[in-house]
Amino acid sequence: MIRILKYGEVANDEIFARTESAVNVEGVVAGIIADVRKNGDAALYKYCEKFDGAKLSSLAVTTEEIEEAVASVEPKFLEILRAAAKNIRTFHERQVRNSFIINNENGIVIGQKVIPVDRAGLYVPGGTAAYPSTVLMDSIPAKIAGCREVVMVTPPGKDGKVNPVILAAAQIAGIDRIFKVGGAQAVAALAYGTESIPRVDKIVGPGNAYVAEAKKQVFGQVSIDMIAGPSEILIVADGKTDPRHAAADLLSQAEHDKMASAVLVTDSEELAIAVQKELEVQIPLLERAEIARTSIDNNGKIIVAPTLTLAIDIANELAPEHLELCVDNPFDYLDSIRHAGSIFMGRNCPEALGDYFAGPNHTLPTSGTAKFSSPLSVDDFVKKTQYTYYTAEALARVAEDVAFFATKEGLTAHAKSATVRLEDDK
């Protein structure tokens, strides 16, 4: 049963405690990465057979396989995928940044170019569930950014095939190449390249502890989006909130993973008790009841705060991945929320809207990292370079100042590089 904690009556350490993963896979992952770097495709085939139970003749997904998969998907679901993709594109197209140029001083031009990374790599999990939503969310911003190629890796089933809904989403998103490989070995392949899989410049997408550790270890060789922790939801709710809705929304994240975190913060003790009871009604009805039960019992909590203002302060401190604001007039509180991956406003906005359909990205900072990082966006797939142009006359006006500055840092060669051009003029 979920715990109810009264703020001020229990230690703050308990209020603000986070889910911690006890799995240490650093050594195992390092070994897998080294094997892939040394042995390339041969290592990938070996791990695919070992971990996925599939003996493959080729790592690449063919056009025929994609067409067969799309044909097997329910037409209604294809329509929903296309509608979701349209919403995601509409939102992310507003994120596109423009290059700029400043030339309002005589003889001086400075500016910045915004350039997409050449090749983006997308990791899509397999395992206990298929996530076509991740395909859309992580590839559409890359396409909008202008990446020349988007490469997807995802583990196959024992039959050597990729889940058809994953391939359907990939076709709708316009992904260029798809490979049947998962786990840490897939991340290593994207980071270093193999005979079949090209090296990418950025790796994005969620995964298990092995995938997260592999992304951490290859960072620097390539860029990554983030190190994602367990899924999180935090609901700030007043006493008018329907306990059935709050319980259902908490379980929408609890069913993800036994390590997921579901938290309710409310100024109503009556609501806290009602939600606690409602969870016990709803959990047994879930298909993933065992996962949700473990998550709720081990990591879930209901925090009763004296006021909604304090409830929001608690939410800011926890900086959750998903924050639902279940109150009247939610826009009155929006400016008070400073740290959250994605905010869901009002009583009719379950977090599932953001997972699948609304348009804002669902790849979000977890484990409190929303205090300093952002949702996946078009920005993740571009880099910036800057440029400077001075005429001889413009340099002459500032060369002595540049040299003076350089000597204060003890870098006399820097100073000379500015003033030597004045000597040439003389």
Side-chain angles (χ1 to χ4, degrees), residues 1-23 128-129 209 228-239 241-305 308 310-326 339-344 347 350-352 354-355 364-370:
M1 181 176 289
I2 198 167
R3 301 165 293 157
I4 296 178
L5 309 175
K6 291 186 178 180
Y7 187 83
E9 295 183 13
V10 298
N12 279 357
D13 286 350
E14 193 169 358
I15 295 288
F16 298 115
R18 294 190 180 280
T19 303
E20 295 290 343
S21 173
V23 180
T128 58
S231 299
E232 305 166 344
I233 187 171
L234 186 148
I235 302 173
V236 173
D238 60 22
T241 300
D242 189 322
R244 296 173 304 147
H245 299 173
D249 291 358
L250 291 170
L251 292 172
S252 72
Q253 289 304 292
E255 75 168 350
H256 261 300
D257 186 323
K258 290 181 179 181
M259 299 302 292
S261 170
V263 177
L264 169 66
V265 188
T266 179
D267 61 348
S268 168
E269 187 172 355
E270 181 180 350
L271 177 67
I273 294 169
V275 172
Q276 184 185 54
K277 292 178 179 177
E278 185 62 30
L279 285 167
E280 296 306 304
V281 172
Q282 293 188 27
I283 289 174
L285 304 178
L286 298 175
E287 290 187 12
R288 296 165 67 90
E290 181 187 359
I291 293 172
R293 167 60 68 192
T294 302
S295 168
I296 289 295
D297 288 355
N298 293 349
N299 309 315
K301 54 191 169 187
I302 299 174
I303 302 167
V304 180
L308 271 181
L310 185 55
I312 289 174
D313 288 343
I314 292 169
N316 279 325
E317 180 60 29
L318 287 168
E321 178 185 16
H322 307 96
L323 173 60
E324 287 190 11
L325 192 53
C326 296
H339 307 304
S342 194
I343 306 169
F344 300 85
R347 305 187 199 280
E351 179 275 333
D355 270 351
L364 304 168
T366 62
S367 306
T369 59

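L308 and A237 get closest at one heavy-atom pair: CD2-O, 4.0 Å. Listed here is the closest heavy atom pair of Q276 and I2: NE2-O, 2.9 Å. Pairing each heavy atom of L251 with each of Q282, the nearest pair is CD1-CB, 3.7 Å. When all heavy atoms are compared, the tightest approach of N316 to H339 is OD1-N, 3.2 Å. Considering every non-hydrogen atom in both A340 and A370, the closest pair reads C-CB, 3.7 Å. A pairwise comparison of heavy atoms in A315 and P320 identifies O-CD, 3.3 Å as the closest pair.
I4 contributes atom CD1, which lies 5.5 Å from atom CD1 of I273 (distance to the nearest 0.5 angstrom). Summarising the geometry, atom CG belonging to D267 is positioned 13.0 Å from atom CD1 belonging to I303; distances are rounded to the nearest 0.5 Å. How far OG of S261 is from CG of N298: 11.0 Å, rounded to the nearest 0.5 Å. A distance of 6.0 Å separates CG of L234 from CG of L318, quoted to the nearest 0.5 Å. Considering CD1 of I314 and CZ of F16, their distance stands at 5.5 Å, rounded to 0.5 Å. With rounding to the nearest 0.5 angstrom, the CD1 atom of I291 is 12.5 Å from the CD1 atom of I283.
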Could you walk me through whether L364 and H322 pass the side-chain contact (heavy atoms from CB on, under 4.5 Å) check? CA-CA 8 Å; L364 304 168; H322 307 96; 3.4 Å; yes
**Prompt:** Does the side-chain contact (heavy atoms from CB on, under 4.5 Å) test come out yes or no for T241 and T266, once each step is laid out?
**Reply:** CA-CA 10 Å; T241 300; T266 179; over 6 Å; no
TODO: Could you walk me through whether I233 and E324 pass the side-chain contact (heavy atoms from CB on, under 4.5 Å) test, one step at a time?
DONE: CA-CA 8 Å; I233 187 171; E324 287 190 11; 3.7 Å; yes
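Within the 4.5 Å cutoff, the side chain of V10 has no heavy atoms near those of the R3 side chain. Taking the side chain as every heavy atom from C-beta outward, E232 and R18 approach each other to under 4.5 Å. Under the 4.5 Å side-chain criterion, counting only non-hydrogen atoms from C-beta, R288 is not in contact with H256. Here the side chains of H245 and I235 are not in contact, with every heavy-atom distance at 4.5 Å or above.
Side-chain N or O atoms of S268 include none that pairs as donor or acceptor with a backbone N or O of G239 at under 3.5 Å. At least one donor-acceptor pair closer than 3.5 Å links the side chain of N299 to the backbone N or O of A260. Panel note: side chain K301, backbone E14; a donor-acceptor pair is recorded below 3.5 Å.
The residues E269 and K6 are annotated as salt-bridged, a charged nitrogen and a carboxylate oxygen being separated by less than 4.0 angstrom. By the 4.0 Å N-to-carboxylate-O rule, D238 lies close enough to R347 to be salt-bridged with it. A salt bridge links R293 and E280; the closest N-O separation between the charged side-chain nitrogens and carboxylate oxygens is under 4.0 Å.
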